[in-house]
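Report on one structure; see the data block that follows.
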Amino acid sequence: MSYISELNPSQSEAVQHITGPSMVIAGAGSGKTRVLTYRIAYMMEHGVDPFEVMALTFTNKAAREMKERIGSIVGESESKNITMGTFHSVFSRILRYNSNRLGYPSNFTIYDTQDARSLLKAIIKEQNLDDKVYKPAAVMGRISSAKNSLVSPESYAANSEILLEDQQARRPETARLYKLYADRCFKAGAMDFDDLLYQTNVLLRDHPDVLAHYQHKFKYILVDEYQDTNYAQYLIVKKLAAVFENICVVGDDAQSIYSFRGANIQNILNFRRDYPDYKLYKLEQNYRSTKNIVEAANSVIRRNQDQIEKKVWTDNVDGKKINVIRAMTDNEEGKVIVNKIYDLSQNEGLDFSDFAILYRTNKQSRSFEESLRKLNIPYKIFGGLSFYQRKEIKDLLAYFRLATNPKDEEALKRIINYPKRGIGKTTIDNIIIGANQHGTSIWDIVSDPTHYNVPLPAGAWNKIGQFVTMMKSFQAELGKLNAYDMAQTIARSSGILKELYSEKDKGVEEVERYQNIEQLLSGIKEFTVSQAESGNHYLPDFLMDVALLTDADQATDDKNYVTLMTIHSSKGLEYPHVYLVGMEENLFPSQMVLNTRSELEEERRLFYVAVTRAKTTCTLSYATSRFIFGQLTSSEPSRFITEVDEQYLQFESVARPGGRSLNSSGFDRNFSGGLNRPMSNLKPLAPSDASASNSSKPSNGGSSNLDLKVGYNVEHDRFGKGKVTGIEGTGNDKKATIFFPKNGSKTVLLRFANLKIIED
DNA sequence: CCAGTACTTAGGTTG
DNA sequence: TAAGTACTGG
């Protein structure tokens with residue numbers, strides 16, 4: 001228990017408070033993670049069974065790291081038995097275990113944002129609603145906040161206040177769309193991210209025995225980043241803790257930045273109400289940052305009205321003032337900041353991992369990325385499109401998903417005609433109509449066409465039949481082959497591997513795509529090996545929470561890189577040198593928050609979070625103009641710069657047109673210094689367009705009257721030589737499916753294709 | 001059916 | 001700028 005002596009008095013008290021409710025208000029950099037880890041370790045050393053502990057963190061990465069640290073104190077064999085993870089991952093497991101109570105399959109799919117949006121979009125189309133009015137994102141936002149406030153489709157439709165809001169937004173059909181969307185998800189055996197919390201609430205509300213079971217299993221509950229929990233999360237925790245009330249929540253109201261996701265600072269106030277005899281601990285000493293940084297951040301956050309009284313202070317050195325840099329354009333901002341990083345790393349012999357570039361919006365990463373590439377500085381961008389969201393990865397995962405859960409509608413739609421099988425849009429639309437009429441899933445229709453009598457041409461049924469047979473063969477092997485063998489089998493027999501392989505010599509992006517698939521497969525291999533012992537080494541096990549993984553969860557061997565991420569994803573992290581870029585009005589604070597005080601205050605808290613990530617130096621930068629939607633738009637410095645008490649700031653501007661930069665190192669990296677010359681783009685050189693200037697063939701009716709048979713060798717203008725594998729249709733609709741060794745399998749209309757029969 | 005092109009429109013943060 | 005959709009020619 002030597003570690004207790006490392007703690008200050010309030011940390012130590014918080015760590016040793018095990019029984020009964022407690023709340024820890026932890027200022028930025030006040031050793032919150034340390035308190036959490038030591039508290040759990042302390043509990044276990046005092047006889048608490050790790051199986052009885054549930055710790056909810058904000059990211060999977062935080063959970064993993066905390067588990068490791070606890071393991072190093074009490075031993076891994078103990079720490080691994082703690083239930084620890086994000087709300088989403090912990091409760092998705094609980095939901096799988098109890099799925100039958102809710103009528104879901106245990107291998108239900110988790111729809112990510114893409115899947116959910118695409119389904120909603122499809123429903124809006126099916127309902128013949130104008131998607132200019134019923135913008136999928138807007139409708140989804142309504143559905144999402146309904147779920148986060150535990151409003152069911154039925155109570156949504158019965159709530160006059162909500163209906164009025166929708167009416168005023170000119171989207172009166174939203175209630176109906178919510179219902180349709182929820183039904184479709186259910187029929188597809190799918191939950192979206194919000195469902196994981198919503199359905200957990202349903203489970204605990206409607207099944208008292210289940211609730212009682214988990215109340216007694218998890219006698220000790222900890223919640224990190226409590227200020228960012230929403231109502232659905234709040235209620236789950238409240239219910240689970242109701243019997244023993246051994247609940248500890250940790251948070252900082254000054255760092256609440258997720259209200260757009262339904263997070264509610266009121267949860268902190270509710271805590272006092274729900275547990276009147278709770279004990280409050282305040283961690284106010286900052287161990288992370290210099291005095292300048294702490295004071296600068298304090299001077300800004302002071303302006304917020306809504307906050308819990310506290311005084312964050314530090315014993316650390318004064319440190320450097322916060323440097324404020326002005327650049328002329330966003331491109332120049334990228335160059336200047338990257339040069340600063342380069343110079344500092346060289347002059348002081350620092351690792352690149354000592355640096356982070358933080359911004360308000362993901363798209364700001366571009367100019368920094370370009371500059372970092374030019375100087376060959378290793379970097380990693382977090383957020384944006386994650387590995388698991390890339391097209392090729394999602395395609396293959398869709399096969400896995402459909403094999404695991406055949407009702408998964410989004411997966412089916414994604415792959416039924418990929419690689420191309422000649423199953424067209426009209427066919428799929430008709431099947432969906434049939435599925436809706438029969439109130440069943442798409443899979444039910446395609447796998448049992450005789451039962452549901454959906455009118456389709458015989459040719460279409462034939463192709464669908466082949467697809468169904470293939471999927472069934474995968475399903476039959478799911479429990480026999482381990483995840484890796486299964487994934488290999490699917491990648492090969494589905495034709496995906498071949499498809500991507502054949503495109504490999506087309507360009508850099510195609511090569512990357514193929515490599516991504518290889519990377520996914522080797523990841524599955526790793527998973528299979530590591531899970532072999534537990535017996536959970538099948539493909540559905542792997543699939544269980546891939547939807548919940550983010551970039552931050554990807555293991556990287558080489559850690560010496562500059563970090564680029566949004567301020568939101570930097571929460572909880574720290575770096576010696578932080579560059580907070582794009583400090584401009586309408587960007588940060590975002591243009592969209594200027595209407596209400598509470599939104600502006602949240603933006604200010606975001607600034608507070610950003611500044612307090614820095615340990616040694618913090619640099620702010622802004623550009624006086626930047627490209628927005630391809631248009632050069634002028635911009636003004638952010639109000640947050642002027643809100644910092646001047647004594648903590650130091651201004652510097654660079655690269656006036658015609659002048660020299662203030663580049664201290666003497667490296668002249670030639671700032672473009674003006675509005676000229678966009679950076680050369682990084683795409684591979686476009687292929688010479690010799691092939692593009694298609695010699696226009698005379699349209700002699702193509703080859704529709706050609707006497708083509710399966711097995712013939714033919715030549716196509718664009719695809720080259722190939723072999724006919726199928727013929728269908730007559731007259732103008734006569735089509736041939738041809739396998740081209742160079743281009744894969746294609747179906748072409750003979751009317752247009754202008755095929756020539758050739759000898760072997 | 002396929003693929004290239006013209007056109008439109010994007011509010012931002014995440015598990 | 002960039003992505004996604006609608007259109008069009010083969």
Side-chain angles (χ1 to χ4, degrees), chain A residues 57-61 85-92 110-113 116 118 121 131-132 135 137-138 141 144 148 192-197 228 230 233 257-263 330 359-364 366-367 382-386 388 417 420-427 545 547-553 565-571 586-593 599 602-603 606 609 626-633 678 681 689 692 694 696-703 716-719 728-729 733-738 743 746-755:
Chain A
T57 59
F58 201 69
T59 62
N60 292 307
K61 191 175 162 219
T86 61
F87 272 89
H88 289 87
S89 72
V90 166
F91 293 108
S92 73
I110 298 174
Y111 276 172
D112 66 16
T113 316
S118 127
K121 225 170 159 176
D131 63 359
K132 297 256 163 43
K135 290 184 187 149
S144 176
N148 285 327
D192 65 17
F193 288 144
D194 298 321
D195 279 329
L196 296 176
L197 306 175
D228 281 324
N230 60 33
Q233 293 168 319
I257 55 176
Y258 279 93
S259 73
F260 70 91
R261 201 165 95 182
D330 47 354
Y359 35 76
R360 177 68 234 269
T361 67
N362 277 305
K363 63 181 171 199
Q364 287 168 257
R366 207 217 51 198
S367 62
F382 292 87
L385 204 59
S386 91
Y388 291 101
N417 197 32
K420 295 269 151 59
R421 304 189 170 83
I423 302 175
K425 197 179 162 321
T426 333
T427 307
D545 48 19
L548 300 176
L549 296 179
T550 63
D551 259 5
D553 300 314
M565 57 170 61
T566 62
I567 303 168
H568 279 91
S569 29
S570 76
K571 193 170 74 155
N586 297 331
L587 181 59
F588 189 26
S590 161
Q591 188 178 10
M592 291 164 277
V593 307
E599 283 182 299
E602 174 147 325
E603 207 79 350
L606 195 53
V609 168
R626 80 172 49 235
F627 280 94
I628 298 174
F629 299 145
Q631 199 107 45
L632 194 64
T633 315
N681 74 19
D689 57 2
N694 256 328
S696 50
K697 285 266 157 44
S699 59
N700 55 0
S703 40
H716 185 277
D717 290 346
R718 205 168 338 164
F719 303 140
E728 64 189 281
D733 289 331
K734 193 164 178 187
K735 297 175 279 211
T737 306
I738 302 162
N743 291 289
K746 311 272 178 207
T747 306
V748 291
L749 275 178
L750 294 190
R751 181 156 53 100
F752 294 126
N754 198 23
L755 294 167

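Every chain is numbered from 1 and lettered A, B, ... according to where its sequence line falls, protein lines coming before strand lines. Quick caveat, the model's predicted, so the values are computed rather than measured.
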Mind checking the CG-CG spacing from A:Leu196 to A:Leu548? Nearest 0.5 Å is all I need.
->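 Result: 6.0 Å between the selected atoms.
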Quick one: CG on A:Asn417 to OG1 on A:Thr427, what's the gap to the nearest 0.5 Å?
->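 Answer rounded to 0.5 Å: 8.5 Å.
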Taking the minimum atom-to-atom distance to the side chain of [X], which one of [options] wins?
X	options	answer
A:Asn362	B:dG15, B:dT13, B:dG12	B:dT13
A:Thr86	B:dG12, B:dT14, B:dG15	B:dG15
A:Tyr258	C:dG4, B:dT14, B:dA3	B:dT14
A:Lys420	B:dC2, B:dT14, B:dG12	B:dC2
A:Arg261	B:dG12, B:dG11, B:dT14	B:dT14
A:Thr113	B:dT9, B:dG15, B:dT13	B:dG15
A:Phe629	B:dG11, B:dG12, B:dA10	B:dA10

How close or far is atom [atom2] of [N] from atom [atom1] of [X], stated in whole angstroms?
X	N	atom1	atom2	answer
A:Met565	B:dG15	CE	P	10 Å
A:Lys135	C:dT5	NZ	C1'	16 Å
A:Ile628	B:dG12	CD1	P	10 Å
A:Glu602	B:dT14	CD	C1'	13 Å
A:Gln233	B:dG15	CD	P	12 Å
A:Lys425	C:dC7	NZ	C1'	14 Å
A:Lys363	B:dT13	NZ	P	8 Å
A:Asp192	B:dT14	CG	P	18 Å

Can you check side chain to side chain contact (heavy atoms under 4.5 Å, CB included) on A:Met592 and A:Glu599, steps first, answer last?
-> CA-CA 9 Å; A:Met592 291 164 277; A:Glu599 283 182 299; over 6 Å; no
If you look at every strand shown and take non-hydrogen atoms under 4.0 Å, does A:Lys121 touch a base, only sugar-phosphate, or nothing?
->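 Touches sugar-phosphate only.
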Reckon A:Lys61 touches a base, only the sugar-phosphate, or nothing at all at heavy-atom distances under 4.0 Å?
->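 Here A:Lys61 touches no strand at all.
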Toward the 5' end of DNA chain B, by each residue's nearest nucleotide, A:Gly383 or A:Arg421 =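 Closest to the 5' end, via its nearest nucleotide, is A:Arg421.
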Identify the heavy atoms of A:Asn60 and A:Thr86 that sit nearest to each other, and give their distance.
->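 Closest approach of A:Asn60 to A:Thr86: N-CG2, 3.5 Å.
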Describe, in one word, how the ring planes of A:Phe193 and A:His88 are oriented to each other, choosing from parallel (under 30°), tilted (30 to 60°) and perpendicular (over 60°).
->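 Perpendicular: the ring planes of A:Phe193 and A:His88 meet at over 60°.
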Side-chain N or O of A:Ser569 closer than 4.0 Å to phosphate OP1/OP2 of B:dT13 =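 No, A:Ser569 has no side-chain N/O under 4.0 Å of OP1/OP2 on B:dT13.
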Roughly how far apart, to the nearest Å, are B:dG12 and C:dT5 at atom C1'?
->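 Taking atom C1' in both B:dG12 and C:dT5, they lie 23 Å apart.
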Under 5.5 Å and under 30°: A:Phe87 stacked on B:dG15 =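 It does not: the ring fails the test against the base of B:dG15.
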So, A:Phe260 and B:dT13: ring centres less than 5.5 Å apart, planes less than 30° off, yes or no?
->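 Yes, the aromatic ring of A:Phe260 stacks with the base.
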What residue among A:Phe588, A:Phe382, A:Tyr359, A:Tyr258 forms ring-ring contact (aromatic ring centres under 6.0 Å, His included) with A:His568?
->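 Output: one option passes, namely A:Tyr258.
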